[in-house]
Amino acid sequence: MQTVLRGPSSEIIISPDTPIVMIGERINPTGRKVFSAELQAGDLSRIPRDAQAQANAGATVLDVNVGVASVDEVALLPQAVRLVQDTVDLPVCIDSANPAALEAGLKAVRGRALVNSVNGETAKLKAVLPIVAEYDAAVIALCMDDNGIPATPEARLKVAENILNEAAKLGIKPEDVLLDPLVLAVSADPTAGLVTTTTARLIRQTFGCNMTAGASNGSHGMPEREVLNTVFLALLAQAGVNAPICNPLKNGLAIRAIDLMMGHDEWGMGYIQAYRALPKE
Ligand code: THG
């Protein structure tokens, strides 16, 4: 199953037998005080820099989120999208909880975007899926609904099935739904990692869909988060998550190492190139 995304003049394909697609997470004010303050002051100058740095580190899709208190996301998100695509020829992943901002962002997109995200809540399905269909985008679907995040893999699979059915009613194909099995913090529940990877395996076996996941959510509240994030990216990949949302500046080489060890990097050239692209000491 292939998910096709496009930048202004580029195309990237997400599929189970091609290299992992890194969705760069850094254009997001969550947990970033300086970037939040800049956005609140109308200063977008960090966006092109973050876009270029993530592309250099191997990201081939860039998440764009400008959701911070007291900014007008409907006005700001399209500006951010344009800045990103004026800097790098990559598809974007439009990230907002506000459907009006998603639509404004999609209007500014060149190519074929990913929407982050819909979930199984009745109101979300109704608000987001028609926009995805209208703009011929692909969409990330979170395995949660009106009852929250299900505790078991089987219940998360059921939510995924429901979202795929609702998407199909609007002509959105399974290859354009990137399922997110959801990553919760292992500091709060030590079985959280296992629940995510088991969900991912079930999704791949049942629907064959491509998947994303926010790997770094899993390490919240633990020391040496980078170790947990790196190991978890490998476990997620083995379970079928082939388009993780992550920090390419931290995870870029590990992702290429995973490709190589999974047989998705002929002659190791992807790994060697990522090694050569590392910032010099
Ligand atoms: N699934 C989907 N989308 C998601 C997530 C997911 N979007 C948000 C998040 N999870 C993934 N993106 C981020 C963005 C920022 C941070 C973490 C995940 C973040 N990083 C540093 C921190 O933890 O303090 C900030 C430091 C820095 O990078 O400067 O906050 O699961 N579909």
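In listed order, ligands and their atoms are each counted from 1.
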What side-chain donor-acceptor pairs closer than 3.5 Å can you find for residues 179-187, not counting sequence neighbours?
| unit_1 | atom_1 | unit_2 | atom_2 | d |
| --- | --- | --- | --- | --- |
| D180 | OD1 | L182 | N | 2.8 |
| S187 | OG | H220 | O | 2.7 |

Subject >> side chain to side chain donor-acceptor pair (under 3.5 Å): pairs with one or both residues in residues 118-132, sequence neighbours excluded >> reply: T122-D146

Original post:
Given side chains that start at C-beta, do those of L106 and I131 come closer than 4.5 Å, heavy atoms only?
Top reply: yes

**OP:** Flag the pair V139 / D176 as yes when at least one side-chain heavy-atom distance between them is below 4.5 Å, and no otherwise.
**Re:** no

Residues 41-49 side chain polar contacts: donor-acceptor under 3.5 Å, at least two apart:
| unit_1 | atom_1 | unit_2 | atom_2 | d |
| --- | --- | --- | --- | --- |
| D43 | OD1 | S45 | N | 2.9 |
| D43 | OD1 | S45 | OG | 2.7 |
| R46 | NE | E38 | OE1 | 2.8 |
| R46 | NH2 | E38 | OE2 | 2.8 |

Original post:
What residues sit with at least one heavy atom under 4.0 Å from ligand 1?
Top reply: E25, R26, N28, T30, G31, R32, D95, N116, I140, L142, D180, G214, S216, N217, R225, I245

Subject >> Approximate separation, where rounding is to 0.5 Å, of C246 SG and I23 CD1 >> reply: 8.5 Å

